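Inspection log for the structure reproduced underneath, given as structure tokens.
These numbers come from a predicted model, not from an experiment. Note that these values count all heavy atoms, side chains included, but never hydrogens, waters or copies made by symmetry.
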Amino acid sequence: MKPSIIVSSSDLERLEGLLTLPAFRSRSDLNGLREELERADVREPEEMPADVITMNSRARFLEENTGREYELTLAYPKDANAEARRVSIFSPAGSALLGLSAGQSIDWKGPDGNEIRLKVLEVTWQPEANGQFDL
């Protein structure tokens with residue numbers, strides 16, 4: 001069962017806009033993101049809980065299989081950068097993280113095909129919680 005997720009209306013609008021562009025429209029690898037957006041509880045940016053991962057949020061995670069902890073920022077594809085720990089929303093990991101709250105876990109397949117369980121420990125920065133609704 002997938003955890004419930006919350007997505008801001010502005011993130012939904014931007015992501016749906018990107019997904020309709022010719023370069024992305026027919027990419028079946030983005031169907032997981034499309035499904036996540038369809039099932040999301042959509043709220044206005046000013047109504048977003050501060051502990052929910054939105055676009056451009058930074059959060060700490062625990063990889064439950066290994067006990068490894070790290071911090072990532074959820075980024076739009078043009079801003080993704082592995083060295084800066086900015087994961088693209090168009091990656092399997094990125095689309096799995098959108099809308100999760102602190103304390104929630106999600107399973108996804110890593111690049112090697114192995115199942116990984118990530119737990120959100122803390123959202124350390126979120127644009128909406130800081131009054132920045134147009135990032």
| Is the number of heavy atoms from other residues, nucleotides or ligands under 6.0 Å of Glu69 CD greater than 12? | yes
| said: Within the 4.5 Å heavy-atom criterion, are Val120 and Phe61 side-chain neighbours or not? | reply: yes
| Glu36 versus Leu98: any side-chain heavy-atom pair under 4.5 Å? | no
| said: I need the Ile106 CD1 to Ile5 CD1 distance, nearest 0.5 Å. | reply: 7.5 Å
| message | Would you say Leu100 ends up clustered with Val52 if hydrophobic residues are merged whenever their side chains have heavy atoms under 4.5 Å apart, either directly or through other cluster members? | response | no
| request: Would you check if Lys2 and Arg39 make a side-chain contact, meaning some heavy-atom pair closer than 4.5 Å? | output: yes
| Hey, which of Lys119, Arg68, Arg117 is the one that makes salt bridge (charged side-chain N to carboxylate O under 4.0 Å, His left out) with Glu63? | Arg68
| field | Distance (rounded to the nearest 0.5 Å) between Leu74 CG and Ser91 OG | value | 8.0 Å
| said: Restricting to non-hydrogen atoms, name the atom on Ser10 and the atom on Pro45 that form the minimum distance, rounded to 0.1 Å. | reply: OG-CG, 3.5 Å
| Rounded distance (nearest 0.5 Å) linking atom CZ of Arg43 with atom OG of Ser8 | 11.5 Å
| Does Met55 offer a backbone N or O that forms a donor-acceptor pair with the side chain of Asp11 under 3.5 Å? | yes
| Is any side-chain heavy atom of Val7 less than 4.5 Å from a side-chain heavy atom of Asp41? | no
| said: Looking at Pro49, is its backbone amide N or carbonyl O close enough to the side chain of Gln126 to form a donor-acceptor pair, meaning the two atoms are under 3.5 Å apart? | reply: yes
| request: Only counting residues at least two apart or in another chain, list the ones meeting side chain to side chain donor-acceptor pair (under 3.5 Å) with Glu35. | output: none
| Does a donor on one side chain and an acceptor on the other come within less than 3.5 Å for Thr54 and Ser57? | yes
| query | Closest heavy-atom contact between Val87 and Gly94? | reply | CG2-N, 4.1 Å
| field | Sidechain-backbone polar pair: Gln104 side chain, Ser4 backbone, donor-acceptor under 3.5 Å | value | yes
| message | Please report the interatomic distance CD(Glu38) to CG(Leu33), rounded to the nearest 0.5 Å. | response | 10.0 Å
| said: Side chains of Leu19 and Leu37, heavy atoms from C-beta outward: is any pair under 4.5 Å? | reply: yes
| said: With clusters defined by side-chain heavy atoms of hydrophobic residues (ILVMFWY) lying less than 4.5 Å apart, directly or transitively, does Leu12 cluster with Leu15? | reply: yes
| query | Out of curiosity, Glu46 CD to Ser9 OG, how far, rounded to the nearest 0.5 Å? | reply | 7.5 Å
| query | Are Asn65 and Ile116 close enough that some pair of their side-chain heavy atoms sits under 4.5 Å apart? | reply | yes
| field | Spatial distance of atom CD1 (Ile53) from atom OG1 (Thr73) [nearest 0.5 Å] | value | 10.0 Å
| request: Would you mind reporting whether Ile89 and Arg14 have side-chain heavy atoms less than 4.5 Å apart? | output: no
| Any link between Leu97 and Met48 through a network of hydrophobic side chains (Ile, Leu, Val, Met, Phe, Trp, Tyr) touching at under 4.5 Å? | no
| task | Would you confirm whether Arg25, through its side chain, and Thr20, through its main-chain N or O, come within 3.5 Å as a donor-acceptor pair? | result | yes
| said: Under the ring pair (Phe, Tyr, Trp, His ring centres under 6.0 Å) definition, can you give me all pairs with a residue in residues 4-49, not counting sequence neighbours? | reply: Phe24-Phe90
| task | Go through the structure and list residues passing side chain to side chain donor-acceptor pair (under 3.5 Å) with Arg85, not counting sequence neighbours. | result | none
